[in-house]
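Written out below as C-alpha cells is the structure these notes cover.
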Amino acid sequence: MNIVLSSDENYAPYLAVSILSVLEHNHNVHFYILDLGISNISKDRIINLVNDNNANIDFILVKEEDFLAFPKTIKHISIATYARLKLDEYLPNLDKILYLDVDTLTTNSLSELWNIDLSDFSIGACYDSFIETNGYKLTIGLSEHHHYFNAGVLLINMYKFKNSNVYHSALQYLEKYQDIKYQDQDIMNFIFKDDVIFINPKYNFMPTLKNKIRNKVALSELERLSTPISIIHYCSEVKAWHKKCSHTNSNLFLTLFNSIKNKPSSWIGKVEKVSCLKKISRIRKDMRNKIIYGIK
C-alpha cells in the first residue's frame, strides 16, 4: 500500500501522528512524504517511528518556488498542499497511491479502500457536504450535476493522473479562475470533474457530515455513512491538536502523540493541553453519537 502525505516542519508532529494512526491498523505500507522543509531531526524521529512498525518511508524534496504562482487563501492550510499537483513527477514509478492530509486519523484497516477498482477513473474521493450546501462550486467552473469532492483523502490512478498533465492544467485553470477559495482542492475538482469515482464517507469523515447526521438533515446517496469509520478528517480551522476540537474521536490524537517517545524539542508546544474534564466530555459526546446516531 503506497501512502502519500505532504508536510513542512511546522506540521511535522501532526504528520507523525497521522502516520502512526495508519500503522496501528495496517501492514505492508510504504509512505512517501512530500517534504517542504522538514528538519533532519523531525525526519529522523519519523523514520524511526516507521521502522519500529516494520514499514518503509521515503522523503521527497519539494521546491516551494514551484508553487509560488498559486494562491494561498486559507490561513490554516500550508502551501505544501499544492505539491499534490506534481505527484506524477515526484512518484513516476508508482501505479496507484493513497493520498492523506496530515489532519487525518486512520481508525481501521484501509485494505478495502486500497482495493477499490480505479481502472476507469483517475481518482476516488468523498463527497464534500460543506461545499455542496453553499453554491460555491458554480463559481469555479463546475455545474450543478458535478459533485464537489474533498481532497483530503484521494485514491489515485497514477497512470491516468499523469495523462491528465495536472500541473500544467492547473496553471491554465488559474488564468481563468483567479478567485478560488480552496486552493488545489478547487483546481483538482475542475480537472477531474468527470473523472472521479465517489467512495463512502467512512473514508473521509468530516465535521459537516457529522453535524448533518446529528441534526437529522436529509442526506444524499453519497453522504450515507457505512461503519465503522476508517478515516476521520479534522478539516476545519479547529484541528485535532487544538483543545477546542469536538470532532469525532479527537482524544485519539492526544493518545497517539503522547505515545511517541523522544519527541524532538521543536514538537513541544505544538499540541494544546486538554483538561481531564474536556477529555471526559469528548468521550461522552462520542458515546452519544455512537448510540443515538450510529456514528462509530
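Bear in mind the structure is a predicted one, so any value in this text is a computation, not a measurement.
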How long is the gap from NE2 on His247 to CG on Asn211, to the nearest 0.5 Å? 8.5 Å
Determine, stepwise, if the pair Ile116 / Ile199 fulfils side-chain contact (heavy atoms from CB on, under 4.5 Å). CA-CA 9 Å; Ile116 289 175; Ile199 57 182; 3.5 Å; yes
Atom NZ of Lys216 and atom CD1 of Ile292: how far apart are they, to the nearest 0.5 Å? 8.5 Å
Do Leu209 and Leu219 touch side chain to side chain, with heavy atoms closer than 4.5 Å? yes
Verify whether the ring centers belonging to His242 and Tyr234 lie closer than 6.0 Å. no
Walk me through whether Ile57 and Ile19 qualify under side-chain contact (heavy atoms from CB on, under 4.5 Å). CA-CA 10 Å; Ile57 187 167; Ile19 286 173; 4.2 Å; yes
For the pair Lys43 and Asp35, find out whether any cationic side-chain nitrogen is under 4.0 Å from an anionic carboxylate oxygen. yes
Do Ile41 and Ile38 belong together in a cluster built from hydrophobic side chains that touch within less than 4.5 Å? no
Sort out for me which residue in Asp179, Ile180, Ile187, Ile131 forms a side-chain contact (heavy atoms from CB on, under 4.5 Å) with Ile140. Ile180
Please tell me if the side chains of Lys244 and Val238 come closer than 4.5 Å, counting only heavy atoms from C-beta onward. yes
Is it the case that Gln172 and Ser169 place a side-chain donor and acceptor less than 3.5 Å from each other? no
From Leu155 atom CG to Lys96 atom NZ, the distance as rounded to the nearest 0.5 Å: 5.0 Å
For Trp241, does the six-membered ring have the charged nitrogen or CZ of Lys270 within the cation-pi criterion, i.e. under 6.0 angstrom from the centroid and within 45° of the normal? no
Is the closest side-chain heavy-atom distance between Leu87 and Ile97 below 4.5 Å? yes
Is there a side-chain contact between Leu23 and Phe31 (heavy atoms, below 4.5 Å)? yes
For Ile46 against Ala16, the heavy-atom pair lying closest together: CG1-CB, 4.0 Å
Under 3.5 Å, is there a donor-acceptor pair linking the side chains of His233 and Asn204? yes
NZ-CD1 distance between Lys202 and Ile229, expressed to the nearest 0.5 angstrom: 9.5 Å
Measuring centre to centre across the rings, with the benzene-like ring taken for any Trp, is His146 within less than 6.0 Å of Tyr148? no
CZ (Arg224) with more than 12 external heavy atoms under 6.0 Å: yes
Checking Glu89 now: which residues fulfil side-chain contact (heavy atoms from CB on, under 4.5 Å) with it, not counting sequence neighbours? Lys86
Could you tell me whether the side chain of Asp103 reaches within less than 4.5 Å of the side chain of Ser18, counting heavy atoms only? no
Students often mix this up, so state it plainly: with edges at 30° and 60°, are the rings of Tyr177 and Phe190 parallel, tilted or perpendicular? tilted
Does any part of the side chain of Met1, heavy atoms only, come nearer than 4.5 Å to the side chain of Ile3, both counted from C-beta? yes
Checking the side chain of Lys137 only, and the main-chain atoms of Glu132 only, is there a donor and an acceptor separated by less than 3.5 Å? no
Do Ser122 and Asn157 pair up side chain to side chain, a donor and an acceptor below 3.5 Å, judged on atom types alone? no
Could you grab the distance from atom OG of Ser246 to atom NZ of Lys278, nearest 0.5 Å is fine? 6.0 Å
Taking the six-membered ring for Trp, are Phe253 and Phe257 parallel (under 30°), tilted (30 to 60°) or perpendicular (over 60°)? parallel
Assess the residue pair Asn56 and Val29 against the criterion (side-chain contact (heavy atoms from CB on, under 4.5 Å)); give the C-alpha distance rounded to whole Å, side-chain angles, the decisive distance to 0.1 Å, and a yes or no. CA-CA 7 Å; Asn56 298 294; Val29 179; over 6 Å; no
Which value, rounded to the nearest 0.5 Å, describes the distance between Ser236 atom OG and Met206 atom CE? 11.5 Å
Using a strict 4.0 Å threshold on nitrogen-to-oxygen distance, state whether Arg84 and Asp101 make a salt bridge. yes
Run the ring-ring contact (aromatic ring centres under 6.0 Å, His included) check on His147 and Phe149 step by step: do they pass? CA-CA 6 Å; His147 298 303; Phe149 59 82; over 10 Å; no
Does a donor on one side chain and an acceptor on the other come within less than 3.5 Å for Asn262 and Arg45? no
Taking the side chain as every heavy atom from C-beta outward, state whether Leu225 and Ile213 have any atom pair closer than 4.5 Å. yes
Is the closest side-chain donor-acceptor distance between Glu24 and Thr106 under 3.5 Å? no
Could you check if a side-chain atom of Val166 sits within less than 4.5 angstrom of a side-chain atom of Phe192, using non-hydrogen atoms only? yes
side-chain contact (heavy atoms from CB on, under 4.5 Å) for Asp95 and Tyr159? Distances and angles first, verdict last. CA-CA 6 Å; Asp95 296 326; Tyr159 176 77; 6.0 Å; no
